[in-house]
There are 2 protein chains.
Amino acid sequence: MANRSMLDPTSDRSLADQLADILRTAIHSGSRSQGSQLPSEREFENDYGVSRTVVRDALDALVLEGLVVKRKGFGTFVRRLPPVRRVSSRNRHDLHRTADKPVFDVEAALNGRVPSRQLLSVGREQAPADVAQWLEIEIGAIVVVRRRLQLLDDNPAVISASYYPLWLAEGTMLESSDALKRGPDAEIEALGHPPAWGTEVFRARMPNPQERRLLALDAGVPVVRMLHIDYTETNRPLQVADDLYAADQHEFAFMWTSEEGPAPA
Amino acid sequence: MANRSMLDPTSDRSLADQLADILRTAIHSGSRSQGSQLPSEREFENDYGVSRTVVRDALDALVLEGLVVKRKGFGTFVRRLPPVRRVSSRNRHDLHRTADKPVFDVEAALNGRVPSRQLLSVGREQAPADVAQWLEIEIGAIVVVRRRLQLLDDNPAVISASYYPLWLAEGTMLESSDALKRGPDAEIEALGHPPAWGTEVFRARMPNPQERRLLALDAGVPVVRMLHIDYTETNRPLQVADDLYAADQHEFAFMWTSEEGPAPA
DNA sequence: TAGTGGTCTAGACCACCTT
DNA sequence: AGGTGGTCTAGACCACTAG
């Protein structure tokens with residue numbers, strides 16, 4: 001069909017941009033619905049009278065925006081948006097203590113999802129620069145690291161690495177290769193070091209190929225890296241938790257109250 | 001030169017992936033330093049014995065990861081990482097009141113950057129769905145909207161839209177097309193409605209082309225959308241601030257303390 | 001087996017930037 | 001003017017997925 005007229009080769013905008021615009025509008029307006037299949041690349045080629053390169057450039061742009069998903073050997077589809085889990089920043093210590101479960105499990109339950117986890121590795125490593133800085137130790141000093149992949153409904157959701165200073169973790173369950181039933185936070189408290197306060201710092205960025213594989217990310221999905229640092233009452237760092245979230249599955253929430261007023265609902 | 005031997009056409013991994021890996025490693029190891037120019041696409045073509053398509057696929061992947069930047073008619077360069085501004089979540093009300101300046105200005109100063117702003121538009125609009133929900137009004141109800149672009153050292157940094165319910169903003173300075181010297185938060189307080197508490201919710205995603213243009217984003221840089229909602233003491237929503245941050249220029253920080261203990265440094 | 005997206009080649013012309 | 005990245009064509013072969 002001569003839809004060719006819909007693309008203007010004399011325009012300032014590239015043919016791929018124009019085609020992407022047409023599809024973007026169709027998707028946002030709902031005239032191409034979530035999960036529906038788009039024409040094949042060869043069909044677009046014929047319909048719009050352009051080369052496959054142009055079609056692919058247009059579709060790839062939409063993939064990067066997270067609007068469509070390509071499935072090799074099958075087709076291209078308007079992306080279904082996954083449900084979002086809300087992660088709340090608050091006193092993790094209180095959160096796990098009231099439920100006697102790891103924080104991740106508590107929040108998953110609040111969102112009606114089934115949590116699980118795979119322990120990836122436990123061992124001693126040299127602390128990377130930023131972790132060392134937060135732990136207030138030398139760069140390259142030895143720390144205990146627990147790496148795990150946390151899942152929601154069996155879908156990878158968070159890559160976690162927890163770094164513990166040797167003075168705290170040496171010879172404890174934190175160095176054990178078994179899963180910690182109560183979660184590391186409870187373990188730390190059991191060692192006689194209840195966290196008194198903490199800081200969270202995070203940034204969003206694009207994942208590297210390894211992270212994209214582990215989290216099974218669609219193309220064009222950013223990750224949010226959150227560093228969570230717990231301190232003792234005497235301001236000694238207890239742990240650095242380095243969590244990497246798939247950005248299309250998580251949102252983050254925080255609250256403040258003025259002065260000492262009671263916290264509202 | 002026959003660097004050709006460094007790419008393996010029989011590998012499972014694509015030639016573009018292999019080339020990207022080589023360059024990624026070189027960049028991370030520092031053997032290609034920040035700001036340095038890469039060989040041209042035609043040079044890579046010769047050096048590795050592949051077509052320009054392969055070279056472009058490899059370089060484009062690195063662009064998406066934010067590792068390199070292409071400049072048309074000039075060359076391809078290892079990206080310089082911009083300085084990061086840390087945004088702290090806390091009582092915005094307190095923050096501006098102690099400084100008598102907009103929060104953005106206070107935080108910019110803390111980071112040693114020069115803040116400025118362009119007022120994009122002021123007027124009445126229909127509230128989008130999520131804003132209406134937070135303001136506890138009907139979807140499509142009329143609200144007052146102030147849109148502005150906030151800059152650091154004259155570089156676009158944040159796209160902001162603030163939504164005010166009519167009962168609050170009607171006929172006030174909040175509807176004025178002039179810049180608000182003290183910032184909107186001070187204006188709201190001056191109207192007799194000091195915010196008592198607030199919530200922040202945010203997600204990371206890829207920008208759309210318009211957002212990418214306004215924020216002058218490099219390719220492959222995500223944005224962080226933060227919704228900030230302020231409430232009166234009687235839990236009445238005062239405003240929804242919708243801020244869009246360039247993710248490569250901002251990180252976000254939060255703090256918690258256990259119980260009523262004094263806040264540490 | 002037929003159709004899909006993934007990869008790759010070997011060209012071409014353009015707009016842009018520097019010297 | 002000469003080199004750069006941006007766009008585009010017209011093919012080709014591959015690996016994957018369905019019926």
Side-chain angles (χ1 to χ4, degrees), chain A residues 3-4 6-23 35-64 67-79 209 212-213 216 218-220, chain B residues 3-4 6-23 35-64 67-79 209 212-213 216 218-220:
Chain A
N3 278 334
R4 176 188 304 244
M6 304 179 68
L7 297 188
D8 173 13
T10 70
S11 164
D12 282 346
R13 320 203 47 217
S14 70
L15 296 175
D17 271 7
Q18 296 177 53
L19 179 52
D21 270 354
I22 292 173
L23 294 173
S36 67
Q37 183 167 11
L38 296 182
S40 76
E41 295 179 350
R42 273 95 173 172
E43 281 183 73
F44 276 126
E45 210 177 333
N46 291 330
D47 287 357
Y48 290 93
V50 294
S51 76
R52 197 167 154 219
T53 304
V54 171
V55 176
R56 284 180 63 79
D57 282 355
L59 291 178
D60 287 349
L62 297 179
V63 167
L64 289 186
L67 286 180
V68 307
V69 178
K70 289 180 163 194
R71 292 172 57 191
K72 179 157 130 181
F74 193 26
T76 304
F77 301 82
V78 180
R79 182 158 170 239
R212 184 175 298 132
R213 203 168 47 246
D218 288 336
Chain B
N3 278 335
R4 176 189 305 243
M6 304 179 69
L7 297 188
D8 173 13
T10 70
S11 163
D12 281 346
R13 320 205 44 220
S14 70
L15 295 175
D17 271 7
Q18 295 178 53
L19 179 51
D21 271 354
I22 291 173
L23 295 173
S36 67
Q37 182 167 13
L38 296 182
S40 75
E41 297 180 349
R42 274 91 172 173
E43 280 182 74
F44 276 126
E45 210 176 333
N46 291 331
D47 287 357
Y48 289 92
V50 293
S51 75
R52 198 167 152 218
T53 304
V54 171
V55 175
R56 284 180 64 79
D57 282 355
L59 291 178
D60 286 349
L62 297 178
V63 167
L64 289 186
L67 286 179
V68 307
V69 177
K70 289 180 162 194
R71 291 172 57 190
K72 179 151 117 179
F74 194 26
T76 304
F77 301 82
V78 180
R79 182 157 168 237
R212 185 175 296 130
R213 203 169 45 248
D218 289 336

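The sequence lines fix the lettering, A, B, ..., with proteins before strands; numbering per chain opens at 1.
For A/K72, counting side-chain heavy atoms from C-beta on, the closest listed nucleotide (D/dT9, D/dC16, D/dC8) is D/dC16. The side chain of B/R56 lies closest to D/dT7 when the candidates are C/dG6, D/dT9, D/dT7. Relative to the side chain of B/F74, the nucleotides C/dT18, D/dC8, C/dT9 differ in distance, and C/dT18 lies closest. Of the candidate nucleotides C/dT9, D/dT9, D/dC8, C/dT9 has the atom nearest to the side chain of B/S51.
Between B/K70 atom NZ and C/dC16 atom P there is a gap of 17 Å when expressed in whole angstrom units. Across the protein-nucleic acid pair, B/F44 atom CZ and D/dG5 atom P stand 9 Å apart, rounded to whole Å. Taking atom CG on B/L38 and atom C1' on D/dG5, their separation rounds to 13 Å, with Å as the unit. Here D/dT7 presents its P atom at 14 Å from CG of A/L19, a figure rounded to the nearest Å. Atom CD in B/Q37 sits roughly 14 Å away from atom P in D/dG3 (whole-Å rounding). As a whole-Å value, the separation of A/D60 CG from D/dG6 P is 15 Å. Rounded to whole Å, atom C1' of D/dG6 lies 9 Å from atom CD of B/E41. One atom, CD of A/Q18, and another, C1' of D/dT7, lie 12 Å apart when rounded to the nearest Å.
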Go through the steps for B/Y48 and B/I22 under the test side-chain contact (heavy atoms from CB on, under 4.5 Å), then give the verdict. CA-CA 11 Å; B/Y48 289 92; B/I22 291 173; 4.0 Å; yes
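A donor-acceptor contact shorter than 3.5 Å links the side chain of B/Q18 to the backbone of B/D8.
Within 4.0 Å of B/R71, counting heavy atoms only, lie sugar-phosphate atoms of the nucleic acid but no base atom. Within the nucleic acid shown, B/L15 comes within 4.0 Å of sugar-phosphate atoms alone, with no base atom in reach, counting heavy atoms only. In this structure, A/S40 reaches the sugar-phosphate backbone alone: every heavy-atom distance under 4.0 Å involves primed, P, OP1 or OP2 atoms, never a base.
Going from atom CG of B/D57 over to atom OG of B/S14 covers 7.5 Å, rounded to the nearest 0.5 Å. Taking NZ of B/K70 as the reference point, atom CZ of B/R56 lies at 4.0 Å (rounded to 0.5 Å).
A/L23 places none of its side-chain heavy atoms less than 4.5 Å from the side chain of A/L67.
Considering only side-chain N and O atoms, A/T76 lies under 4.0 angstrom from the phosphate OP1 or OP2 of C/dG5.
Nearer to the 5' terminus of DNA chain D, by closest-nucleotide assignment, is the contact made by A/R13 (compared with the other of A/R13 and A/R52).
Pair assignment for D/dG19 gives none, since no Watson-Crick or G-U wobble pairing has each distance under 3.5 Å.
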